[in-house]
Amino acid sequence: MENLTKPLIEVQDLKQHFKIKGGLFGRATQTVKAVDGVSFNIYRGETFGLVGESGSGKTTLGRTLLHLYNPTSGKIFFDGEEISKENYRNYAKKMQIIFQDPYASLNPRMTVEDIIGEALDVHKLYSTKKERRDKIIELLKLVGLNAEQAQRYPHEFSGGQRQRIGIARALAVSPEFIVCDEPVSALDVSIQAQIINMLYDMQQEMKLTYLFIAHDLAVVRQLSKRIAVMYLGNVVELTDSESLYTHSLHPYTQSLISAIPISEPSVAKTKQRIILSGEIPSPINPPSGCKFRTRCPKAESICSEKVPEFREIESGHFCACHLV
Ligand code: SF4
């Protein structure tokens with residue numbers, strides 16, 4: 001059960017800007033504003049969904065929370081304490097990540113036992129070799145694998161099984177918070193449901209808190225209590241899952257929702273799909289004013305002149321749009 005009074009994770013005006021070489025002959029330095037001033041809280045026991053197209057900055061945001069990238073500016077708190085450049089290693093055991101690609105995120109030269117055992121080694125979570133092995137087998141069973149599979153290599157497993165290994169590795173250190181970075185995007189639809197159900201069961205059993213990142217709103221909805229929608233480095237809408245689906249306010253969210261397939265043919269017929277023109281612009285030189293204005297079907301002149309404020313429109317429902 002989530003505790004909605006005390007945030008486990010607090011993010012305040014977080015920015016992650018990367019310098020890259022660009023221009024003629026690669027001599028000029030350009031700035032990619034991958035995350036550009038984002039604030040939200042994640043409560044203990046909650047699944048907080050984060051959605052957006054590829055290039056929206058959601059993966060960078062997830063990794064910056066864990067200090068896999070040092071933030072450019074802004075603050076991140078864990079249970080009331082600020083995580084900094086100096087102390088972030090103290091939080092490595094409490095905060096873990098499950099990566100998107102189960103094919104690329106497991107070392108092909110290591111056995112499953114060593115992949116999971118590595119996390120136990122780093123944090124010295126056993127006193128004898130037997131205890132180490134017992135813990136690994138317990139973790140494998142927890143994710144639906146068995147002891148005989150411990151000596152195998154990643155290539156001997158299917159995509160779904162590899163993701164289970166990735167989850168076991170994240171759970172090895174008994175974390176409190178896990179960034180699930182598109183954990184099912186690379187898997188078949190039939191396998192996706194199994195992994196989502198497993199993540200849900202584990203959350204209940206171990207009282208975990210998740211940041212669940214995906215580009216697919218339908219997937220995020222299955223687990224998340226509240227959802228933030230990201231566009232070009234900013235959160236443009238944030239509310240509970242139900243409100244987002246029944247009365248989204250931001251034109252970008254509305255277009256994402258209109259793209260979700262409906263299985264009932266009579267309902268599908270009446271549904272209007274909002275098709276956005278063009279691709280998401282580059283975060284190197286984003287549009288002035290509202291960054292969504294180049295694709296927004298409702299854009300007006302004010303949208304190019306002024307950045308819309310991210311504000312609370314209804315209780316717990318935040319949106320950044322001049323027309324709302
Ligand atoms: Fe569209 Fe303007 Fe609202 Fe941006 S501020 S989402 S461009 S209407």
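Each ligand, and each atom within it, is numbered from 1 in the order the structure gives.
With sequence neighbours left out, Y200 forms a ring-ring contact (aromatic ring centres under 6.0 Å, His included) with no residue at all. Among residues two or more places apart in sequence or in another chain, the ring-ring contact (aromatic ring centres under 6.0 Å, His included) test is passed with F77 by none.
H215 and E53 share no side-chain donor-acceptor pair at under 3.5 Å.
For R109 and Y153, the positive end is not near the middle of the six-membered ring at less than 6.0 Å and at most 45° from its axis.
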Side-chain donor-acceptor pairs of residues 303-312 under 3.5 Å, sequence neighbours excluded:
{"unit_1": "S304", "atom_1": "OG", "unit_2": "S301", "atom_2": "O", "d": "3.0"}
{"unit_1": "R311", "atom_1": "NH2", "unit_2": "V324", "atom_2": "O", "d": "2.5"}
{"unit_1": "E312", "atom_1": "OE2", "unit_2": "G316", "atom_2": "N", "d": "2.6"}

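Annotation: protein N, O or S atoms under 2.8 Å of atom 3 (Fe) of ligand 1 (waters excluded) comprise C321 SG.
E46 places no side-chain N or O within 3.5 Å of a backbone atom of I42 that could act as its donor or acceptor partner.
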